[in-house]
Amino acid sequence: MARVPRPGPVRPSPRSRPAEPAAGKAAPSAVIAVRKLFAAETPEFFLLLGTTLFLLIFGLVMVLSSSAIQSRIDDGDFFARAARQGLYAVIGLPLLLLASRAPLSFWKRWAGWAVIAGVLLQMLVFTDLGYETGGNRGWLDFGAFTAQPSELIKLALVIWLPWILVKRAALLDDWRYVVVPIGPIVAVCVGLVLLGNDLGSASIIILLVLGTLFFAGIRLRFLAVAVAVIAVLGSGVAMLSLSRRDRIDAWLTGCADPDLLGGECWQTVHGWEALAHGGVLGVGLGNSAGKWSWIPEADNDFIFAIIGEELGLLGCILVLALFVVLAICFVRIIRMARDPFARIATAAVMTWIIGQAFVNIAVVLGVLPVLGVPLPLVSAGGSALLTTMAGIGIVLSFARHRPQPEDRAALAPRSTTIVK
């Protein structure tokens, strides 16, 4: 007689069971969130992001190498300055990614408030919160951290200038509609920075404004008049300070006067010696002699000299090539962008970062007088690093999406100007 199997417990089919994440794997929602954070449709987005991250990591390595000796003297720790710079980089990376996710309307909405915040913070340097270093009163001391508000002014102008220019695009042929909204605001920003004796930051702000106006399609004769007025006023401002006058005199003489070698030419001449010492291949990472208190601000304004000494001519060429790649990315994003605000804002960030890099390297080479301008993404300095990364994040927000086919057709016959 055949045995009848006893019925066992009823088990739910696999389709009826609730989905459970596998052991050792992240939840799908977290994976989706990360994918959305880096989601983009254009190669320009990833090329700009990758070049920025490479420069950031390279800068952290060079800050560690160039600041170790001075950090040991000032803080009693070889790694103190490098650790602070690394902390700012950790803060700046999420800031960059968040800025890259912001919609275009966000930057337009907060453009005016950003300028007001920058001006108010710059005014605070003349209160008890402000302090002076290197002859410049341009920093705020909040106890736990310090900040340089002139860097925030650069970032604010990057979005405020395009906002004004786009609103008045049909009136840009009349110089009065260009001067009246832009002139007073820029004069206040530059004037407050100059009151703190920071000629370097003021020069970069003026360069940023002129470059933005050029890419916005302002008539060249208007720009020529502005450059002439700025040159006259700048010469007068430079002569008001004995220190600036001495630096300009040293630059004009090519540091050939032996009496200047122990004064205004000390930094420049020892920067040249570091570059010559490096040769083609360099003396090796960490083996610089110039950072042993021979070059002031070795981890900041003159970090390019340390790069040339430790990594040689090849290291200098690498840095120059990376900034060329950045410039190419900016130009491609300008040509790709649909909105005039996005195109002008990208041009403003490009003028700021590439122009400042050119000024920094020119100062180290002796082509320009010493101005005290850091090398973007490479030099030590928390405020400069955070605002630079935020500026690149703004451009990444424009480069995230590719124009639709109908928009590409409309953009094809574009001229060299951005707004007519």
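Everything numeric here is computed off the predicted structure, so don't read it as measured data. Below, each value reflects all heavy atoms present in this structure, side chains not excepted, and no hydrogens, waters or symmetry copies.
Phe79 CZ: 12 or fewer foreign heavy atoms inside a 6.0 Å radius. Within a 6.0 Å radius of CZ in Phe58, other residues, nucleotides and ligands contribute more than 12 heavy atoms. Other residues, nucleotides and ligands contribute only 12 or fewer heavy atoms inside 6.0 Å of the CZ atom of Arg332.
Under the rule for a side chain to side chain contact (heavy atoms under 4.5 Å, CB included), the partners of Val179 that lie at least two apart in sequence or sit in another chain are Trp175. For Gln70, the side-chain hydrogen bond (donor to acceptor under 3.5 Å, both in side chains) criterion is met by Asp74, not counting sequence neighbours. Arg245 pairs by the salt bridge (Lys or Arg N to Asp or Glu O under 4.0 Å) definition with nothing, not counting sequence neighbours. Partners of Leu152 by side chain to side chain contact (heavy atoms under 4.5 Å, CB included), not counting sequence neighbours, listed by chain and number: Leu121, Leu155. Taking the side chain to side chain contact (heavy atoms under 4.5 Å, CB included) definition, one finds that Pro94 meets it with nothing, sequence neighbours left out. With sequence neighbours excluded, no residue forms a salt bridge (Lys or Arg N to Asp or Glu O under 4.0 Å) with Asp301. Under the side chain to side chain contact (heavy atoms under 4.5 Å, CB included) criterion, Asp174 pairs with Arg176, Tyr177, not counting sequence neighbours.
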Give the table of side-chain donor-acceptor pairs shorter than 3.5 Å for residues 361-390, with sequence neighbours excluded, one pair per line with atom names and distance.
residue	atom	partner	partner atom	Å
Ser379	OG	Asn300	O	2.6
Ser379	OG	Leu375	N	2.8
Ser383	OG	Gln148	N	2.8
Thr387	OG1	Ser383	O	2.9
Thr387	OG1	Ala384	O	3.2
Thr388	OG1	Ala384	O	2.6

Can I get a per-line list of side-chain donor-acceptor pairs under 3.5 Å for residues 224-232, giving both atom names and the distance, sequence neighbours left out?
none

In a table with atom names and distances, give each donor-acceptor pair under 3.5 Å that connects a side chain of residues 312-321 to protein atoms at least two apart or in another chain.
none

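Listed by first and then second residue, the side chain to side chain donor-acceptor pair (under 3.5 Å) pairs involving residues 310-328 are Ser65-Glu310 (not counting sequence neighbours). Residue pairs meeting the ring pair (Phe, Tyr, Trp, His ring centres under 6.0 Å) criterion with at least one partner in residues 290-326, sequence neighbours excluded, are Trp266-Trp294, His270-Trp294.
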> Can you list the steps and then say if Thr146 with Tyr131 is a side chain to side chain contact (heavy atoms under 4.5 Å, CB included)?
Replying inline: CA-CA 10 Å; Thr146 61; Tyr131 71 96; 3.5 Å; yes
> Can you list the steps and then say if Trp251 with Thr268 is a side chain to side chain contact (heavy atoms under 4.5 Å, CB included)?
Replying inline: CA-CA 9 Å; Trp251 170 65; Thr268 300; over 6 Å; no
>> Using side chain to side chain contact (heavy atoms under 4.5 Å, CB included), reason through Met350 and Leu326 one step at a time and then give a plain yes or no.
In response: CA-CA 8 Å; Met350 178 179 69; Leu326 278 183; over 6 Å; no
> Given Asp75 and Arg84, is the side chain to side chain contact (heavy atoms under 4.5 Å, CB included) satisfied, shown in steps?
Replying inline: CA-CA 12 Å; Asp75 304 312; Arg84 285 197 296 267; 3.6 Å; yes
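Of all heavy-atom pairs spanning Leu207 and Gly355, the tightest one is CD2-CA, 3.8 Å. For Ala147 against Phe142, the heavy-atom pair with the smallest separation is CB-CE1, 4.2 Å. Shortest non-hydrogen contact noted between Pro181 and Val178 is CD-O, 3.6 Å. Ile205 approaches Ser150 most closely through the heavy-atom pair CD1-O, 4.5 Å. Taking every heavy atom of both residues into account, Thr127 and Leu124 meet most closely at OG1-O, 2.5 Å. Taking all atoms of both residues into account, the shortest heavy-atom contact from Val193 to Gln122 is CA-NE2, 3.9 Å.
To the nearest 0.5 Å, atom CH2 of residue Trp110 and atom CD1 of residue Ile116 are 11.0 Å apart. Remark: Phe330 CZ to Phe215 CZ distance equals 11.5 Å, nearest 0.5 Å. Within the model, atoms CG of Asn136 and CG of Leu199 stand 9.0 Å from one another, a figure rounded to the nearest 0.5 Å. Taken from CD1 in Ile159 to CG in Leu104, the straight-line distance is 11.0 Å, to the nearest 0.5 Å. Distance check, rounded to the nearest 0.5 Å: CG of Leu56 to OG1 of Thr51 gives 12.5 Å. Atoms OG1 and CD1, from Thr346 and Ile333 in turn, are 6.0 Å apart once rounded to the nearest 0.5 Å.
Side-chain contact check for Leu161 versus Ile185: every heavy-atom pair is 4.5 Å or farther apart. Within the 4.5 Å cutoff, no side-chain heavy atoms of Trp107 are placed close to those of Trp163. Taking the side chain as every heavy atom from C-beta outward, Leu98 and Leu95 never approach each other to under 4.5 Å. The side-chain heavy atoms of Arg101 and Arg400, taken from C-beta on, include a pair separated by under 4.5 Å. Side-chain atoms of Thr253 and Asp249, non-hydrogen and from C-beta on, never get closer than 4.5 Å to each other. Side-chain atoms of Val359 and Ser203, non-hydrogen and from C-beta on, never get closer than 4.5 Å to each other. You'll find the side chain of Lys108 stays beyond 4.5 Å of the side chain of Val166, heavy atoms only. Counting only heavy atoms from C-beta outward, the side chains of Leu192 and Ile153 never approach each other to under 4.5 Å.
Using a distance-only test at 3.5 Å, with no hydrogens or angles considered, a donor-acceptor pair links the side chain of Arg137 to the main chain of Val125. The closest donor-acceptor contact from the side chain of Ser100 to the backbone of Leu97 lies under 3.5 Å. Side-chain N or O atoms of Gln267 include one that pairs as donor or acceptor with a backbone N or O of Pro296 at under 3.5 Å. A donor-acceptor pair is defined here as one N or O able to donate and one able to accept, closer than 3.5 Å; such a pair exists between the side chain of Ser71 and the backbone of Asp77. Under the 3.5 Å distance criterion, the side-chain polar atoms of Arg81 are left unmatched by any main-chain donor or acceptor of Leu64.
Partner of Pro162 under the side chain to side chain contact (heavy atoms under 4.5 Å, CB included) criterion, chosen from Ile344, Leu157, Asp339: Ile344.
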